[in-house]
**Student:** 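Below is the structure I would like to discuss, written out as structure tokens.
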Amino acid sequence: MAHFNVPLNLPHAATVATRLLYHINRVQPDAAKAKPAAELAMDLSDCLRPYKMQDENPPEAEGKKVAQEAARIARLLVDEIARGGYGDDRLGQAIRNLFECLELGEEGAKQSLRAGENPDSALRAV
């Protein structure tokens, strides 16, 4: 599956995590239905928030640990989006971008489809 391999970028991952909450609220305006996904998106944002205003990643050991935890939460978030059936192209793209920032481009290409990204999107081509 085509994907992008980019180096770890926790500051940008933090930005993408913030966007995920926006997209969840946009595609699922029913707050009660979206609550589990919104809570996971907040957990993800909280996990990455310390890195949002930094220009660089933290030291390697810390960066890897944070990336692993962010990926764990993101997987749960994708499960909830898929279970709720309210994914869409933009939300899926944000999921793919998040995984790319965590050095998990191949997984992101797969998870983004579960979150609703259009499989024919030009943004998926390498």
Side-chain angles (χ1 to χ4, degrees):
M1 182 171 292
H3 64 279
F4 295 98
N5 287 318
V6 297
L8 182 66
N9 189 337
L10 292 180
H12 191 62
T15 299
V16 175
T18 302
R19 289 179 190 154
L20 284 169
L21 185 57
Y22 165 80
H23 287 300
I24 289 166
N25 290 325
R26 178 185 56 78
V27 298
Q28 183 44 264
D30 180 349
K33 184 174 180 184
K35 185 175 181 180
E39 288 175 351
L40 286 165
M42 286 300 300
D43 291 347
L44 181 62
S45 184
D46 289 346
C47 173
L48 294 167
R49 183 173 290 116
Y51 310 98
K52 187 169 186 167
M53 301 306 289
Q54 296 183 11
D55 292 332
E56 299 178 359
N57 290 318
E60 185 176 351
E62 178 184 348
K64 286 186 178 200
K65 183 178 177 183
V66 171
Q68 289 174 348
E69 177 61 9
R72 183 190 71 76
I73 297 168
R75 291 178 190 110
L76 295 173
L77 176 57
V78 171
D79 289 345
E80 192 57 45
I81 292 166
R83 186 176 10 268
Y86 51 83
D88 80 342
D89 192 47
R90 299 280 307 272
L91 180 57
Q93 288 171 11
I95 290 290
R96 180 174 39 80
N97 292 155
L98 175 72
F99 277 93
E100 288 170 349
C101 289
L102 301 175
E103 293 186 312
L104 298 169
E106 184 174 4
E107 181 177 356
K110 295 173 185 172
Q111 295 283 15
S112 68
L113 294 174
R114 294 185 60 224
E117 185 175 23
N118 179 348
D120 297 324
S121 171
L123 296 174
R124 293 183 63 82
V126 175

**Student:** Kindly give the heavy-atom pair with the smallest separation between V6 and E100, and that separation in Å.
**Tutor:** CG2-O, 2.9 Å

**Student:** Linking I/L/V/M/F/W/Y whenever any side-chain heavy atoms sit under 4.5 Å apart, do Y51 and L44 land together?
**Tutor:** yes

**Student:** Counting only heavy atoms from other residues, nucleotides and ligands, does the tally under 6.0 Å from NZ of K35 exceed 12?
**Tutor:**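 No - once you tally the heavy atoms of other residues, nucleotides and ligands closer than 6.0 Å, there are 12 at most.
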
**Student:** Between R75 and E107, does any side-chain N to carboxylate O distance fall below 4.0 Å?
**Tutor:**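 Between E107 and R75 there is a salt bridge, with a charged N closer than 4.0 Å to a carboxylate O.
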
**Student:** Using side-chain heavy atoms (C-beta onward) and a distance below 4.5 Å, is E69 in contact with K65?
**Tutor:**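 The answer is no, as the side chains (C-beta and beyond) never meet within the 4.5 Å cut-off.
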
**Student:** I'd like to check L40 versus D79 (side-chain heavy atoms, cut-off strictly below 4.5 Å). Are they in contact?
**Tutor:**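 L40 does not reach D79 side chain to side chain.
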
**Student:** What distance separates L91 CG from N25 CG, expressed to the nearest 0.5 Å?
**Tutor:**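 Spacing of CG (L91) from CG (N25) equals 10.5 Å.
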
**Student:** How many angstroms lie between atom OG1 of T15 and atom CZ of R49, to the nearest 0.5 angstrom?
**Tutor:**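 Going from the OG1 atom of T15 to the CZ atom of R49 covers 11.5 Å.
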
**Student:** Same cluster or not: are L21 and F99 linked, directly or through other Ile, Leu, Val, Met, Phe, Trp or Tyr residues, by side-chain heavy atoms under 4.5 angstrom apart?
**Tutor:** no

**Student:** Nearest 0.5 angstrom please: I73 CD1 to M42 CE, how far?
**Tutor:**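 Separation between the atoms: 11.5 Å.
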
**Student:** Short question: side chain of N57, backbone of L10 - any donor-acceptor pair under 3.5 Å?
**Tutor:** yes

**Student:** Spell out, as yes or no, whether a donor-acceptor pair under 3.5 Å connects the side chain of Q54 to the backbone of P11.
**Tutor:**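 No, because the side chain of Q54 does not come within donor-acceptor range (under 3.5 Å) of the backbone of P11.
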
**Student:** Quick check: do E39 and E80 have side-chain heavy atoms less than 4.5 Å from each other?
**Tutor:**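 No, too far: nothing below the 4.5 Å cut-off.
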
**Student:** Mind listing the closest non-hydrogen atom pair of A115 and V78 along with its distance?
**Tutor:**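 A115 and V78 have their closest heavy atoms at N-CG1, 4.5 Å.
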
**Student:** Can R114 and Q111 be counted as having a side-chain donor-acceptor contact under 3.5 angstrom?
**Tutor:**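 A donor-acceptor contact under 3.5 Å links the two side chains.
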
**Student:** I'd like to know if the side chain of S112 and the backbone of G108 have a donor-acceptor N/O pair within less than 3.5 Å.
**Tutor:** yes

**Student:** For residues N97 and Q93, is any side-chain donor paired with an opposing acceptor at under 3.5 Å?
**Tutor:** no

**Student:** Which atoms form the tightest heavy-atom contact between A70 and L102, and what is the distance?
**Tutor:** CB-CD1, 3.9 Å

**Student:** Do L98 and L77 come within less than 4.5 Å of each other through their side chains, counting heavy atoms only?
**Tutor:** no

**Student:** Should Y22 and R90 count as side-chain neighbours, where that means a heavy-atom distance under 4.5 Å?
**Tutor:** no

**Student:** Between N118 (side chain) and D89 (backbone), is there a donor-acceptor pair under 3.5 Å?
**Tutor:** no

